[in-house]
2 protein chains.
Amino acid sequence: MSQPLSKQAGPTLLTAIDFYFDFASPYGYLASELIDALAARYGRQVHWHPSLLGAAFKVSGAPLPVRQPLKGDYLLRDFARSARFLGIPYVQPMKFPLSTQHAARAFLWARDIDPLAAKGLAHAIFRAYFTANRDIDNIETVLDIAASLGHARAPLAEALSGVALKERLHLEVDRALARGVFGSPFFMVDGEAFWGVDRLPQLEHWLAEDGF
Amino acid sequence: MSQPLSKQAGPTLLTAIDFYFDFASPYGYLASELIDALAARYGRQVHWHPSLLGAAFKVSGAPLPVRQPLKGDYLLRDFARSARFLGIPYVQPMKFPLSTQHAARAFLWARDIDPLAAKGLAHAIFRAYFTANRDIDNIETVLDIAASLGHARAPLAEALSGVALKERLHLEVDRALARGVFGSPFFMVDGEAFWGVDRLPQLEHWLAEDGF
């Protein structure tokens, strides 16, 4: 994971890309399928941060996009078309959007144990919701998904019902807002922010050119 | 302009792309610099439709994006970065956003006389605003820009102060809303809608593949 350090002029240590997402965000799901491979092509790590979009919408004062007249209909069509365009499986979930606290907390719990395994859990949750219509707002569903990846069910169930993990997520959401994160997916690298899966080409250009 | 018609099976007549925009929209300006060349590569015409975003925001209930906390700061940065990414000159106007009724009405007036010349006028208005910081909300500025392209000043001034052109724009805005246009730029082709300059790659793929 770490690169050799040298006191001489050596290769610059590349900072990680911060990737913020909400598990109910279709564009966040699409980005989750692409960001690590993209980053790896430029020698970058990606730190994943589950967030809750509801908090950001509250600050912005905007109604939920899919609830807005005109825009809502368009977005449902654009989610599926963008997935086809990017070559990623997508099935519009029946229950949409939904709250994602349990999923986000499960990710934080898993990340403390093993960041790589946590990404595997995030992929499994995203895919369960956006390709298999599973209700990830249901705590049992989240536990089932985690268990299917080999996570012990009892300790996660206990953590999800406790106060510590709730406060932990609260803190993460506050931190994201303080950094200016207002949507999903949202990327920050070298102090530059990119919002939306449709900004991945600009993010890639940024990595390739070291800014532009 | 017209293609040869045949009663036998012949080349399909390709429908035009409808391009909706607001003269105060940075992404609309960026799209205006790209859409005709893109369409021409696939043998498509483009019909330009000036609209007023204020009407769409009213329907959606959303506050103006650049006035939203967090998002507003991001957008100012993204306008300029998107322009650099696309290789298009861009200077953030001081007065932003502003109302664009005069500009939109001048376009409709010019289009009745000559659709091609109207596009030239639209380019000149967009560039005056987004590269030279000119106040296109000022009716004299719009008249100056039109005059610089050889449009007679007096008849345009008269039309801009009359009721007919105002009703004409009102009708255009209502029509756009009725078709589901809620942002700028907004494209419709073969019944498919594309919102945003960042959807041009999908629009191009659509034209290349005849849908996807």
Side-chain angles (χ1 to χ4, degrees), chain A residues 20 27 30 51 53 55-87 176-184 186-188 191-206 208-209 211-212, chain B residues 20 27 30 51 53 55-87 176-184 186-188 191-206 208-209 211-212:
Chain A
Y20 297 86
Y27 301 126
L30 297 177
S51 200
L53 267 189
F57 285 129
K58 218 167 169 180
V59 169
S60 75
L64 209 58
V66 291
R67 296 268 185 269
Q68 293 176 25
L70 307 183
K71 196 184 217 170
D73 293 340
Y74 171 82
L75 289 177
L76 285 176
R77 204 167 166 91
D78 190 67
F79 297 154
R81 189 182 62 207
S82 293
R84 291 196 302 277
F85 183 69
L86 295 166
L177 278 176
R179 291 195 76 189
V181 175
F182 60 84
S184 166
F186 202 98
F187 307 93
M188 297 203 82
E192 189 77 6
F194 298 85
W195 169 46
V197 66
D198 46 31
R199 285 298 177 277
L200 286 183
Q202 289 194 28
L203 172 57
E204 178 153 16
H205 190 57
W206 184 274
E209 302 292 323
F212 72 88
Chain B
Y20 297 86
Y27 302 126
L30 297 177
S51 201
L53 267 189
F57 286 130
K58 218 166 167 181
V59 168
S60 74
L64 208 58
V66 291
R67 297 269 185 268
Q68 293 175 26
L70 308 184
K71 196 184 219 173
D73 293 339
Y74 171 82
L75 288 177
L76 285 176
R77 206 168 165 90
D78 189 66
F79 298 154
R81 189 182 62 208
S82 293
R84 291 196 302 277
F85 183 69
L86 295 166
L177 278 175
R179 290 195 77 189
V181 174
F182 60 84
S184 166
F186 202 98
F187 307 94
M188 298 204 79
E192 189 77 5
F194 299 86
W195 169 46
V197 66
D198 46 31
R199 285 299 176 277
L200 286 183
Q202 289 194 27
L203 172 58
E204 179 154 15
H205 190 57
W206 184 274
E209 302 292 322
F212 71 89

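Below, each value reflects all heavy atoms present in this structure, side chains not excepted, and no hydrogens, waters or symmetry copies. These numbers were taken from a predicted model, which means no experiment stands behind them.
The side-chain heavy atoms of B:F79 and B:V66, taken from C-beta on, include a pair separated by under 4.5 Å. Between A:S82 and A:V197, every side-chain heavy-atom pair lies at or beyond the 4.5 Å cut-off. Taking 4.5 Å as the limit, some side-chain heavy atom of A:R179 sits within range of a side-chain heavy atom of A:Y20.
Interface residue B:P201: backbone and side-chain heavy atoms are both found under 4.5 Å from chain A. Neither the backbone nor the side chain of B:R67 comes within less than 4.5 Å of any heavy atom of chain A. Using a 4.5 Å cut-off between heavy atoms, A:R199 touches chain B through its side chain atoms alone.
B:Y27 and B:D78 share a side-chain donor-acceptor pair at under 3.5 Å.
When each of A:W195, A:Y74, A:W206 is scored by its heavy-atom pairs under 4.5 Å with chain B, the top score falls to A:Y74. The choice from A:Q202, A:E209, A:E192 that makes the most heavy-atom pairs within less than 4.5 Å of chain B is A:Q202.
Atom CZ of A:R84 is surrounded by more than 12 heavy atoms from other residues, nucleotides or ligands within 6.0 Å.
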